[in-house]
Amino acid sequence: MATVAGPARGNAIGEALRQARKAADTEYGIWSWIATVDHKRIGIMYGVTAFFFFLAGGIEALVIRLQLATPNGSIVNADQYSRIFTMHGTTMVFLVVMPLSAAFFNLLVPLMIGARDVAFPRLNAFSFWTFLAGGIFLNASFFTGNIFEGRLGAPDAGWFGYATLTSRQFSPGHGVDFWAMGLQILGIASMASGFNFIVTILNMRAPGMTLLRMPLFVWMTLVTSFLIIFAMPVITVALFELMFDRLFNANFFNPAAGGTPLLWQHMFWLFGHPEVYILILPAMGIVSEVLPTFARKPLFGYPFVVLSGVAIGFMSWGVWVHHMYTTGLGTIANSAFGISTMLIGVPTGVKIFSWLGTLWGGSISLRAPLMFAAGFIAMFTIGGLSGITHSIVPSDYQQQDTYYVVAHLHYVLFGGAMFALFAGIYYWFPKFSGKLLNDALGQVHFWLMLIGFNLTFFPMHISGLLGMPRRIYTYSGDNGWDLWNLMSTVGAFTIALSILVFMINVAITARRGDRAGSDPWDGRTLEWSIPSPPPPYNFAEIPRVHALDDFWHRKYTEDAQGRPVPIPAGAALAPEPEHAEGGHGIHMPSPSYFPLIAAIGFPLIAVGLIYDYAILAVGAAVLLVGLYGWALEPATEE
Amino acid sequence: MEHAAAGSGHLETSTGLDNRKLLMWLFLGSECLFFGSLIAAYLLYRDRSLGPPFPSDRVFNGVHYEGLFDIPFTSVSAFVLLMSSVTMVLALAAIQRGNRRSMQVWLLTTALLGTLFVSGQAYEFTVFHREGLSLGSNLFGTTFFVLTGFHGAHVTIGVLILLSLLAMSFQGRIQQKDSLNVELAGLYWHFVDVVWIVIFTLVYLIQP
């Protein structure tokens, strides 16, 4: 395209930018990571960053458990305790489970649908950098108090930030400001990746990859992405309203001016309940990939699992009031939402039976990924059942705000989501590192985590039913809660030990792990058809897809009894031709610095809103430079 | 227009719809929930202010208060925004025919009409503020300024996009084959316009 020559100075800058971009277009070095738009590298960065936040959130959890180990604990005071549990919840939801899921979206979706990258590679890099910026910004709140005098600056209103706990009157200091704006920034990151993955999945599928031939993980990514782009705007507005209340004296949640704090709860949970499924659906997708591989059977009832996922996505919009039974909305509202909550258990139950059906009669190979996936099914089922007890309104009245709820949510989010995410890590680690994680250590990790998890959270059902409220920083010794709390604390440190085993496993594997071939597990989906780790362009030739589990059918046919029989080498479908020219003919999008620059703008804007409008102006300028640079540079440098 | 498609190896998409166009539709779908939430908050708090000023004439504690809304003024302003959608369509039609000059004229007209609308809003805000309405004055002030303010911000961003397109077209970067850029800006512009029709109806015209 002909461009009109700009002034000489502009050309010099343009030339410098082009040079910097070229320099980053290599396989090694820090700049090649900072400017990368490769979905696999972005996925790895998401995963590593989320794991660091997982450690931070885990340490916060250990502080909580130390404080509650015995009655009248004095490790932290009430103020510090509130800030730590707020950060623990916020971190685990927004900085751990969501980005770990995003890591898997990034790593797997293009490979599973037979694409070379996502639809918008630079938007993808922008999502990651914005997430990182938001995560750092949120955690920076700790330092807005005086940390040396033990005054933490972190938010103190809980991860749900109920009005009026978040008002300036009850939460002076800047913790809640950092919380609200940190979540806004993280929301931008999530929405950008939500848009990106919907377009990728709908538009970038390889020839023959019809919707009902897509791996289940891709389906769950699609549903999750739709939930993200529709649920996030609701919390965005709620957070804006909170910010206007705090920064500009607006009255949204101010009862003195006629405002109702209930508005916050409605908006938060209208977002919050789809959010629960944003956290769990990707985990269900991972499990639905792991089970068929290790049972050597197709997923039982694939279309039902797909439709159940879609049904959960729709129904998740109609259950939010079950978080609010005790707010006095009336019998009719409570009954209606009680029924809808019971109903959403149906598609979830369908999935659980499909997973069991997949394992049933399979030739099971009991490796670490499968053990974590099986752990997921068991733990998630317990969490699901306690969830059903919450749907029953009078029962929920008793459990509201007790440790019973804490037990339930950890059974679905830790016993559910985290177990599945670890199943995914053990399963796909060889694909992206080229090395197999040690399976024996993996099993030690699994058993320690399973025992530690149940030791931590099962007793909470009991302490909860005995009346122990959530969010209290200490308790006296005459309630009968002591034993259960001590068990929980021992369990929490057992979980920590299991994570340590995992980290040792990764370290050992990095040094001297077994080389994984392209297909170490005898997999079923397209990612196993290419080398480990995959080349930057993924597929030397875009595959043609003929069936669900296409790669499996390239390897196996069935005998008269329906048992899989390997197709003899050289017969029928030939393997992928080794890229004749080393992939040199393939044009990949060039690296770009602008997504990072744009992302840096957001925390500056947020800091500016809180402290000084001059910083806000700088942040806005940085953002604009990033966006315009991004829009005007060509996606691919010829 | 900010997001260029990866393109490489995927000249044709699975649905036949351009990646960027699909992205824009999804974004607008998401925006529906954004404005929906703001409008819901406005409607929830309508007529629940504990004191003046009020949007329309009202007796409060035995005192008659004149309403702030100037329906004829805002109607003109709404008309201006509606007309800007027409000029936007003309700009797109022009570049699709390959008539760059005509597109530039219509883009500029659209941007000017948009600016006129935002100026009208700035004037309205100033008048209301002088009458004692602020973010903190009462629930009406809180919900009105935040809802219409976010809409105004969307129009402003739209004007910036239009002016960027105009600048790019003067550099020769917008040719007939790049008409999708104009179409995407147009989709956004029409959406913001439609949102105003909803806001104008629910906030200004239908009074309890």
Side-chain angles (χ1 to χ4, degrees), chain A residues 1-4 6 37 115-123 191 194-196 198-200 202-205 207 209 229-234 236-238 240-241 244-245 248-252 254 256-260 263 267 270 537 542 586-589 627-628 630-636, chain B residues 1-10 12-27 29-41 44-45 48-51 134-143 145-146 149-150 160 164 168 170-173 175 177-178 181:
Chain A
M1 190 196 311
T3 44
V4 178
V37 293
R116 293 218 163 103
D117 208 321
V118 293
F120 304 100
R122 288 180 294 175
L123 184 64
M191 276 197 276
F195 294 130
N196 209 343
I198 296 174
V199 177
T200 304
L202 292 182
N203 259 359
M204 309 276 287
R205 282 168 286 139
M209 177 63 82
I229 68 162
F230 290 131
M232 281 290 165
V234 181
T236 302
V237 168
F240 269 130
E241 291 175 351
F244 275 94
D245 274 13
F248 309 116
N249 303 314
N251 296 313
F252 282 107
N254 175 14
T260 160
L263 174 62
M267 295 184 79
L270 186 52
Y537 46 85
I542 297 294
I586 301 166
H587 272 280
M588 292 306 292
L627 290 181
Y628 272 94
W630 177 352
L632 295 177
E633 81 177 344
T636 317
Chain B
M1 50 172 278
E2 279 93 349
H3 318 294
S8 51
H10 277 275
E12 283 170 15
T13 63
S14 315
T15 58
L17 204 60
D18 185 273
N19 281 347
R20 291 186 292 162
K21 206 169 184 175
L22 185 56
L23 179 79
M24 181 53 87
W25 278 110
L26 291 168
F27 173 69
S30 173
E31 287 271 272
C32 288
L33 273 288
F34 181 85
F35 279 106
S37 304
L38 285 170
I39 292 170
L44 174 71
Y45 285 150
R48 281 170 63 170
S49 292
L50 299 183
S134 69
L135 271 171
S137 61
N138 57 7
L139 283 179
F140 170 57
T142 295
T143 51
F145 279 128
V146 172
F150 269 112
L160 279 179
S164 307
M168 282 167 72
F170 280 119
Q171 289 181 328
R173 283 163 171 264
Q175 306 286 347
K177 65 178 169 54
D178 310 311
N181 290 327

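Note that the coordinates shown come from a computational prediction; the quantities given were computed from them, not determined experimentally. Proteins get letters first, then strands, A, B, ... in listed order; numbering begins at 1 in each.
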Toward chain B, the part of [X] with a non-hydrogen atom under 4.5 Å:
X: A:M191; value: side chain
X: A:L270; value: neither
X: A:F244; value: side chain
X: A:A238; value: neither

Across all chains, not counting sequence neighbours, the side-chain hydrogen bond (donor to acceptor under 3.5 Å, both in side chains) partners of B:T15 are A:N203
Shorter than 4.5 Å, heavy atoms on both sides: which option in B:L26, B:L38, B:T143 has the most such pairs with chain A?
B:L26
Who wins among B:G136, B:S49, B:S30 for the most heavy-atom pairs under 4.5 Å with chain A?
B:S30
Let me know if [X] has heavy atoms under 4.5 Å from chain A in its side chain, its backbone, both or neither.
X: B:F27; value: both
X: B:L22; value: both
X: B:S137; value: backbone
X: B:F145; value: neither

Who are the side-chain contact (heavy atoms from CB on, under 4.5 Å) partners of A:N196, not counting sequence neighbours?
A:V118, A:A119, A:F120, A:L123, A:N124, A:T200
Please check this pair: side chain of [X] against backbone of [Y], looking for a donor-acceptor N/O pair closer than 3.5 Å.
X: B:Y45; Y: A:T260; value: yes
X: A:Y537; Y: A:R116; value: no
X: B:N138; Y: B:G51; value: yes
X: B:T13; Y: B:N19; value: no

Check the orientation of A:F240 and B:F34. Use parallel for under 30°, tilted for 30 to 60°, and perpendicular for over 60°.
perpendicular
